Engineer: 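Just passing along the structure, written as structure tokens.
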2 protein chains.
Amino acid sequence: MARRGAYAKGVAKREEILTAALEVIAREGYGGASVRELADAVGLSQAGLLHYFGTKEELFAAVLRKRDETDLARVEERMGESSTFEAFRQTIARNADVPGLIQLYVRLSAEATDPEHPAHAFFAERTRTFRELVAGDLRRMQAAGTARADLDAEQAAMLILATADGLQVQWLMDPTIDMAEHVSELLRLLEPPAAPTEA
Amino acid sequence: MARRGAYAKGVAKREEILTAALEVIAREGYGGASVRELADAVGLSQAGLLHYFGTKEELFAAVLRKRDETDLARVEERMGESSTFEAFRQTIARNADVPGLIQLYVRLSAEATDPEHPAHAFFAERTRTFRELVAGDLRRMQAAGTARADLDAEQAAMLILATADGLQVQWLMDPTIDMAEHVSELLRLLEPPAAPTEA
DNA sequence: GTCTATATTGGGATAGAC
DNA sequence: GTCTATCCCAATATAGAC
């Protein structure tokens, strides 16, 4: 406890670095976000920055981990106010407003595809968690009659995750597309077929 | 015509390079596929290889362009034997058997997200073509009653493309998942809701 | 068409002082 | 915790000979 002050400072600095990283990516692009650029953005030297995060990849993974935590907290906080899927839609829409975030996610996840990559475990775990979470929601919805009964919840969860991933690539290529809208379309397909439309 | 021989040799060499590129990526990973590695694989020097393709990115884009051409030709060839969607499913399944190809696609498309990237135009055009092709098929299916009538064909086409993209990332992270199976699931969701299941 | 050699750059990481 | 200095490496691309 005697070191509370110093510890708190370290935490604050880390946060500052994570925020600055997004600014740099937004400004210079993921490719231009070298350790030096990142360090400059927070007024540190290269070595100074690497004191907080051993490598660039770890730093980047930390940005995404923090985003996930923030997003999840917000969703839980609003629990009940809207459906899980609506919350999901909103999260996507909000993240699309943070320049650099999507680019970071797409580029880093593509690289972390390599099992040797420092962020590989992070993404693998993230996928597992996400799939379980969504599959659980789907099962509840199926029980409540708000999701098609003929779905494999696990498989549909994977579909949702994959679609969200793919839309981010498409959005970066052409930012005029509306990711949230497209995801909504997929989610709509998971609903029970509308009442037999008075045949 | 007098230069037919030399020209033909150049073409053959290019083909050889494209094939070797996939071998290198499969062996060393996308990250390990430097111009030098690529050159070694065909028994050329760095400079020798760059004589055929100005830059590494152009070479890589050429690999994917060739794949698209091959895939499209095969699909057209089998026209009528199976539905468009079944052909799509088969194409995905087959490509998953070419190690390196998916990795190349995922990594390069993520990088080409940057408008300045040499392969950006290739991917943008590819998306446009694909979307039109699939949207057209969907409209035909709607007219024939084999696709839900309440779909926006353009939007559904985007959904299919995005899902295919995202599944490739997921597959690289965990190659035990069955991409074709997941795509089939999505396509099934686009079918008209099964006959009202004798209510 | 192909090679050798090299220009040039830029990056991540580390050693060691303060 | 933070900096300066530097190391070290790799990679792309080009120049120019054969």
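Fair warning: this is a prediction, and the values are worked out from it, not measured in the lab. Letters go in sequence order (proteins before strands), and every chain restarts at 1.
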Engineer: Kindly compute the distance separating CG (B:L108) from OG1 (B:T113), expressed to the nearest 0.5 Å.
Structural biologist: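 B:L108 CG to B:T113 OG1: 10.0 Å, rounded to 0.5 Å.
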
Engineer: So, taking the atom named CD in A:Q168 and the one named CD1 in A:I102, what distance separates them when rounded to the nearest 0.5 Å?
Structural biologist: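 Here the rounded value is 4.5 Å.
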
Engineer: By the salt bridge (charged side-chain N to carboxylate O under 4.0 Å, His left out) test, which pairs, at least two apart or in different chains, include something from residues 81-92 of chain A?
Structural biologist: A:E86-A:R89

Engineer: If you measure from CG on B:L151 to CD on A:E185, what distance do you get to the nearest 0.5 Å?
Structural biologist: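 So the gap between those two atoms works out to 6.0 Å.
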
Engineer: Can you tell me how far P of C:dG16 sits from NE2 of A:H51, to the nearest Å?
Structural biologist: 18 Å

Engineer: Round to a whole Å and report the spacing from CD of A:E111 to C1' of C:dG12.
Structural biologist: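 Value for this atom pair: 14 Å.
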
Engineer: What is the distance, to the nearest angstrom, from the NZ atom on A:K56 to the P atom on C:dT14?
Structural biologist: 15 Å

Engineer: Identify, with sequence neighbours excluded, every residue that meets salt bridge (Lys or Arg N to Asp or Glu O under 4.0 Å) alongside B:E16.
Structural biologist: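 Here the qualifying residues are B:K13.
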
Engineer: Just to be sure I understand the geometry, which residues of residues 37-47 of chain B put a non-hydrogen atom under 4.0 Å away from DNA chain D?
Structural biologist: B:Q46, B:A47

Engineer: In this structure, how many angstroms lie between the C1' atom of C:dA13 and the CZ atom of A:F53, rounded?
Structural biologist: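 Roughly 17 Å, once rounded to whole Å.
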
Engineer: Considering the options A:H117, A:R65, A:E58, which one meets the side chain to side chain contact (heavy atoms under 4.5 Å, CB included) requirement together with A:F122?
Structural biologist: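 Looking at A:H117, A:R65, A:E58, the match for A:F122 under the side chain to side chain contact (heavy atoms under 4.5 Å, CB included) is A:R65.
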
Engineer: Check every atom of D:dA13, C:dG11, D:dA11 against the side chain of A:S34 and return the nucleotide holding the closest atom.
Structural biologist: C:dG11

Engineer: If you assign each of B:L49 and A:G54 to its closest nucleotide in DNA chain C, which residue comes earlier from the 5' end?
Structural biologist: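 In this pair, the answer is B:L49.
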
Engineer: Over how many whole Å does the gap from A:E57 atom CD to C:dA13 atom C1' extend?
Structural biologist: 12 Å

Engineer: Return whichever of A:G31 or A:L50 has its heavy-atom-nearest nucleotide of DNA chain C closer to the 5' end.
Structural biologist: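 Its nearest nucleotide being more 5', the pick is A:G31.
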
Engineer: Looking only at the side chain of B:T55 (C-beta and beyond, no hydrogens), which of the listed nucleotides D:dG1, D:dA13, C:dG12 gets closest?
Structural biologist: D:dA13

Engineer: Can you tell me the distance, in whole Å, between the OH atom of B:Y30 and the C1' atom of D:dA11?
Structural biologist: 13 Å

